[in-house]
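In what follows, every heavy atom counts, from backbone to side chain, and hydrogens, waters and symmetry copies are set aside.
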Amino acid sequence: QVQLVESGGGLVQAGGSLRLSCAASGRTFSSYYMGWFRQAPGKEREFVTAISRTGTTTYYADSVKGRFTASRDNAKNTVLLQMNSLKPEDTAVYYCAAGDNTLGFPLSALGKYDYWGQGTQVTVSS
């Protein structure tokens, strides 16, 4: 069991940058693969990025590839999402998620994650 708290959201202009943080409780952070998802009003929650337990492997949705970078610091129980070249369509509530199950889904699937943060709002103005 792990508790997740996101921070770093805010309002930025198109082309700007934000860095989101996800702080995890407990002493077994490195046991979890981590993901970021986002949900805009009226839309389904969608995959943004995922990072392996060691941080050596990352996956990105096509919509953010080349602009977003995920990283983690297991010593600090923290995962980061650096977002550059932000676009208005990036506007959404961003959620941090953690999982350690062996369900047969890719890391981009919602069903792969067991724990979720409360979300942080990212708004990109045009």
Side-chain angles (χ1 to χ4, degrees):
Q1 188 172 356
V2 62
Q3 185 175 3
L4 307 173
V5 180
E6 303 97 332
S7 63
L11 173 65
V12 298
Q13 294 183 339
S17 299
L18 280 175
R19 184 175 63 212
L20 305 184
S21 297
C22 177
S25 65
R27 305 177 69 180
T28 58
F29 178 68
S30 62
S31 298
Y32 298 91
Y33 49 83
M34 304 293 296
W36 288 95
F37 292 77
R38 66 187 183 186
Q39 187 166 20
K43 295 185 178 180
E44 296 289 330
R45 186 165 44 183
E46 67 175 357
F47 169 75
V48 177
T49 185
I51 188 166
S52 65
R53 293 173 175 85
T54 62
T56 58
T57 305
T58 52
Y59 308 87
Y60 298 94
D62 289 342
S63 59
V64 306
K65 195 174 185 65
R67 300 187 298 120
F68 291 10
T69 303
S71 61
R72 67 190 295 166
D73 187 339
N74 288 344
K76 297 180 179 179
N77 283 14
T78 301
V79 62
L80 302 175
L81 179 62
Q82 179 66 45
M83 305 186 296
N84 298 326
S85 302
L86 284 163
K87 305 175 181 180
E89 51 263 45
D90 294 319
T91 295
V93 176
Y94 283 70
Y95 296 93
C96 177
D100 64 352
N101 62 67
T102 57
L103 296 174
F105 300 108
L107 293 183
S108 60
L110 291 171
K112 197 66 173 178
Y113 298 87
D114 304 301
Y115 308 100
W116 296 82
Q118 83 288 350
T120 185
Q121 177 70 48
V122 172
T123 302
V124 184
S125 62
S126 61

Minimum heavy-atom separation for [X] to [Y], with atom names?
| X | Y | result |
| --- | --- | --- |
| Ser126 | Pro88 | CB-CG, 3.9 Å |
| Asn101 | Gly111 | ND2-O, 4.0 Å |
| Gln121 | Thr91 | NE2-CG2, 4.0 Å |
| Ser85 | Arg67 | O-NH1, 3.0 Å |

### Task
With sequence neighbours excluded, give me every ring-ring contact (aromatic ring centres under 6.0 Å, His included) pair touching residues 39-83.
Phe37-Phe47
Using a 3.5 Å distance criterion without hydrogens, assess whether the side chain of [X] forms a donor-acceptor pair with backbone atoms of [Y].
| X | Y | answer |
| --- | --- | --- |
| Arg53 | Ser31 | yes |
| Glu6 | Thr120 | no |
| Tyr33 | Lys112 | yes |
| Arg72 | Phe29 | yes |
| Thr57 | Ser52 | no |

### Query
Out of curiosity, Tyr113 OH to Leu4 CG, how far, rounded to the nearest 0.5 Å?
11.5 Å
### Query
What distance do Cys22 atom SG and Asn77 atom CG have between them, rounded to the nearest 0.5 Å?
10.0 Å
Are [X] and [Y] joined in one hydrophobic group, where the rule is that I, L, V, M, F, W and Y side chains link up if heavy atoms are under 4.5 Å apart?
| X | Y | result |
| --- | --- | --- |
| Leu107 | Trp116 | yes |
| Tyr115 | Leu110 | no |
| Val48 | Val124 | yes |

Would you call [X] and [Y] a side-chain contact if the rule is heavy atoms closer than 4.5 Å?
| X | Y | answer |
| --- | --- | --- |
| Thr78 | Leu80 | yes |
| Asp114 | Tyr32 | no |
| Val64 | Met83 | no |
| Cys96 | Trp36 | yes |
| Ser21 | Lys76 | no |

### Task
I would like to know whether Thr49 and Met34 meet side chain to side chain contact (heavy atoms under 4.5 Å, CB included); could you show each step before the answer?
CA-CA 9 Å; Thr49 185; Met34 304 293 296; over 6 Å; no
### Query
Checking side chain to side chain contact (heavy atoms under 4.5 Å, CB included) against Val122, which of Leu81, Leu20, Val93 comes through?
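The option that passes is Leu20.
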### Task
Give a yes or no on this: more than 12 heavy atoms of other residues, nucleotides or ligands lie within 6.0 Å of atom CD of Gln39.
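Counting other residues, nucleotides and ligands, CD of Gln39 exceeds 12 neighbours.
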### Message
Please enumerate all residues that pass side chain to side chain donor-acceptor pair (under 3.5 Å) together with Ser17, with sequence neighbours excluded.
### Response
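Counting only residues at least two positions away or on another chain, Ser17 forms a side chain to side chain donor-acceptor pair (under 3.5 Å) with Asn84.
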